[in-house]
Chemist: 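Quick one: this structure, given as structure tokens, is what I'll be asking you about.
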Amino acid sequence: MGLLSVSVRDFLPSVVRAFRSKYPQVTIHFRFENIGQLTNKLLSGEIDLAFTLSHGLHNLGGVTYKPLWTQPYSIILPHDHPLADQPNLSIAQLEHEPFVMLEREESPQGYDYVLSMCAKHGFSPRIVSQASRTDAVLMIVDAGIGVTVLSRHLLLYASPTLRFIDIQGEDHSIDVVASWKTANTNPAVPLFIQEIEAALEQTRANQA
């Protein structure tokens with residue numbers, strides 16, 4: 001099982017507990033990876049399930065995925081940035097800002113999505129730094145090197161000196177998903193998906 005740990009930190013432990021109570025004979029191994037690594041290892045069969053973001057999954061043949069919930073994108077700034085106290089910002093307001101990005105090979109669709117957001121407002125981001133891990137991107141932003149645009153779920157483990165600002169007037173969001181190869185023959189996969197569905201149903205009932 002591969003995962004972006006923070007995206008399912010509050011959800012997955014209870015699902016794993018429920019699954020293990022029913023199927024104690026099944027051994028679960030966890031792999032914590034970046035988005036690009038998760039996709040590659042899912043396609044190669046190194047992992048049976050990937051908990052990741054939905055970027056580009058609809059373009060991958062032979063992959064099935066189940067949306068768990070939706071996360072909005074946020075503009076992420078250091079706390080002392082002149083715009084850090086704003087409740088929301090337009091992407092257009094970042095035209096002259098230096099950008100920090102997750103390297104494209106780690107999340108090609110996510111990288112291109114940020115470029116397209118900027119292009120819609122008539123500019124290309126001035127990228128001054130890139131990193132292979134999202135925690136490194138956040139650290140560079142926290143150091144005052146630049147700004148970034150990433151999923152809001154990262155707020156769960158971001159430094160308290162970072163500011164996550166809503167994007168004004170636009171619906172920029174991404175699904176957190178469970179994904180697996182459609183042709184996967186591991187009999188534990190559909191059983192685990194059943195536990196995911198039960199947990200989601202319980203969550204909806206609790207919110208009703």
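The chain is numbered in sequence order, starting from 1.
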Chemist: Would you give the length of the straight line joining atom CD of Gln71 to atom OG of Ser54, rounded to the nearest 0.5 angstrom?
Modeler: 11.0 Å

Chemist: Rounded to the nearest 0.5 Å, what separates atom CZ in Arg31 from atom CG in Asp48?
Modeler: 12.0 Å

Chemist: Quick one: sort the His55 and Tyr73 rings into parallel, tilted or perpendicular, breaks at 30° and 60°.
Modeler: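 Ring orientation of His55 relative to Tyr73: tilted.
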
Chemist: Shortest non-hydrogen contact from Ile145 to Val128?
Modeler: O-CG2, 3.8 Å

Chemist: According to the interplanar angle, ranging from 0 to 90°, do the rings of Tyr113 and His172 count as parallel (below 30°), tilted (30 to 60°) or perpendicular (above 60°)?
Modeler: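 Perpendicular.
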
Chemist: Kindly compute the distance separating OG1 (Thr52) from CG (Leu42), expressed to the nearest 0.5 Å.
Modeler: 9.0 Å

Chemist: Scan for side-chain hydrogen bond (donor to acceptor under 3.5 Å, both in side chains) pairs involving residues 131-144, sequence neighbours excluded, and state none if there are none.
Modeler: Arg133-Asp135, Thr134-Tyr157, Asp142-Ser159, Asp142-Thr161

Chemist: Suppose we call two aromatic rings close when their centres sit under 6.0 Å apart. Are Phe192 and Trp180 close by that rule?
Modeler: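 Between Phe192 and Trp180, the centre distance exceeds or equals 6.0 Å.
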
Chemist: Hey, what do you get for CD (Gln37) to OG (Ser107), rounding to the nearest 0.5 Å?
Modeler: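 Answer rounded to 0.5 Å: 11.5 Å.
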
Chemist: How close do Phe164 and Leu154 get, heavy atom to heavy atom, and via which atoms?
Modeler: CZ-C, 3.9 Å

Chemist: Show the numbers, then the answer: is there a side chain to side chain contact (heavy atoms under 4.5 Å, CB included) between Ile127 and Tyr111?
Modeler: CA-CA 11 Å; Ile127 300 170; Tyr111 188 99; 3.3 Å; yes

Chemist: Apply side chain to side chain contact (heavy atoms under 4.5 Å, CB included) to the pair Ile35 and Leu38, showing each step before the final yes or no.
Modeler: CA-CA 5 Å; Ile35 295 173; Leu38 285 175; 5.6 Å; no

Chemist: Ala50 and Ile47: which non-hydrogen atoms are nearest, and at how many Å?
Modeler: CB-CD1, 4.0 Å

Chemist: For a quick test of reading the model, state the closest non-hydrogen atom pair linking Ala199 to Phe11 and the distance between them.
Modeler: CB-CE1, 3.7 Å

Chemist: What's the separation between atom CZ in Phe99 and atom CD1 in Ile140, rounded to the nearest 0.5 Å?
Modeler: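 Output value for this atom pair is 14.5 Å.
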
Chemist: Between CD1 of Ile28 and CE of Met1, what distance do you get to the nearest 0.5 Å?
Modeler: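 One finds 4.5 Å between CD1 of Ile28 and CE of Met1.
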
Chemist: Please output the side-chain donor-acceptor pairs of residues 80-95 that fall under 3.5 Å, not counting sequence neighbours, one pair per line with the distance.
Modeler:
unit_1: His81; atom_1: ND1; unit_2: Leu83; atom_2: N; d: 3.0
unit_1: His81; atom_1: NE2; unit_2: Glu97; atom_2: OE1; d: 3.0
unit_1: His81; atom_1: NE2; unit_2: Glu97; atom_2: OE2; d: 3.2
unit_1: Asn88; atom_1: OD1; unit_2: Gln168; atom_2: NE2; d: 2.8
unit_1: Ser90; atom_1: OG; unit_2: Ala92; atom_2: N; d: 3.1
unit_1: Gln93; atom_1: OE1; unit_2: Ser90; atom_2: N; d: 2.9

Chemist: Step by step, work out the side chain to side chain contact (heavy atoms under 4.5 Å, CB included) result for Leu53 and Val176.
Modeler: CA-CA 5 Å; Leu53 303 179; Val176 177; 3.9 Å; yes

